[in-house]
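Every heavy atom of this structure was used, including side-chain atoms; hydrogens, water molecules and symmetry mates were not.
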Amino acid sequence: MKKGNVKSFVCGVIVGSVVFSGISYAAPQVVKLIVDGKEVQTEAPPQIIDGSTMIPARGLAEALGARVEWDEANKAVVVTSEAYGKFAAAELGDLQAKELLAAAQSAYWHVANGGTIPEGPVQAFVPEGEKTEYRWLGSDIDTKTKYADYLKKVFTAGQVDDFINSQLKSKALLEIDGKLAQPDADGGSAYRWGESAITLTKDEGVRRTYKAIVPEGDKPGKKSDVQLLYVRGAGWRVDAFVSMFR
């Protein structure tokens, strides 16, 4: 998805409506947008047009902590609720730390299972020079850029880049004409990172190290050291091997 054209697209919708209204209806009325008690300034002002309130999608969505992207292929404005917004604040409690670890596991299995796959049977194929059946990844992660952007919502950029390179090297991912494919198989995990017992063992301000005991089914589970890093302009991210969240 390309983000750069979202503002101009959404503003274009509003301006187009204003011109049309000028022909058939009364002039639009500019209004304020107030979210959680604070006025939000948007690229184009919210307006009441023919009794309907028109609000720029990006301004409202981002004020509520969501992502807004422009899907060029489908000509669509895509708004994604950001559960990750809670990790943006510099202060991070134990509860948020555990939720971030749970989000890391969820993100790992989302990409491991192929992303958002369309309904219906998946068409497997054997790429030239390979013996294993592969399948195309879902449209939300079907390129290296999309795949990386998805994981970077939870993991640090360095860890994501290392993971993708290792996946390509081991052929757990194949890049074919710019699109990604993976072996035709699904998986899951008995580990429950969101229920981990965590202990903060080192606090360096922007970097924290936790000792985590991760339940596995009915067993106490494994012990792991996990580092979280505060990334300026983004928030807290997991700075650990992506594959450890299997």
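- Take Pro183 and apply the side-chain contact (heavy atoms from CB on, under 4.5 Å) test, not counting sequence neighbours, and it matches Thr132, Tyr134.
- At a cut-off of 3.5 Å, with distance as the only test, no side-chain donor of Tyr191 or Arg246 sits close to an acceptor on the other residue.
- Grouped by direct or indirect side-chain proximity (heavy atoms under 4.5 Å, Ile/Leu/Val/Met/Phe/Trp/Tyr only), Ile213 sits alone.
- With sequence neighbours excluded, the residues forming a salt bridge (Lys or Arg N to Asp or Glu O under 4.0 Å) with Lys219 are Glu216, listed by chain and number.
- Of the inter-residue distances, the one linking Gln47 atom CD with Ile55 atom CD1 reads 11.0 Å to the nearest 0.5 angstrom.
- The side chain to side chain donor-acceptor pair (under 3.5 Å) analysis of residues 193-207, with sequence neighbours excluded, yields the pairs Arg192-Glu195, Arg207-Gln227, Arg207-Asp239.
- The side-chain contact (heavy atoms from CB on, under 4.5 Å) check on Ala124 picks up Glu133, Asp184, with sequence neighbours excluded.
- Counting only residues at least two apart or on different chains, no side chain to side chain donor-acceptor pair (under 3.5 Å) pair has a member in residues 161-170.
- Checked against a 6.0 Å centroid threshold, the rings of Phe245 and Phe155 count as neighbours.
- Scored by the side-chain hydrogen bond (donor to acceptor under 3.5 Å, both in side chains) test, Lys211 finds Asp225 as partners (sequence neighbours excluded).
- The side-chain hydrogen bond (donor to acceptor under 3.5 Å, both in side chains) check on Lys171 picks up Glu130, with sequence neighbours excluded.
- Qualifying side-chain hydrogen bond (donor to acceptor under 3.5 Å, both in side chains) partners for Gln182, counting only residues two or more places apart in sequence or in other chains: Arg135.
- The side-chain heavy atoms of Val231 and Trp236, taken from C-beta on, include no pair separated by under 4.5 Å.
- Applying the side-chain hydrogen bond (donor to acceptor under 3.5 Å, both in side chains) test to Thr116 and every residue at least two apart in sequence or in another chain returns Asp140.
- Checked against side-chain contact (heavy atoms from CB on, under 4.5 Å), Ile176 has the following partners two or more places apart in sequence or in another chain: Phe125, Pro127, Trp136, Leu174.
- Every residue two or more places apart in sequence or in another chain that forms a side-chain contact (heavy atoms from CB on, under 4.5 Å) with Gln29 is listed here: Val31, Ile48.
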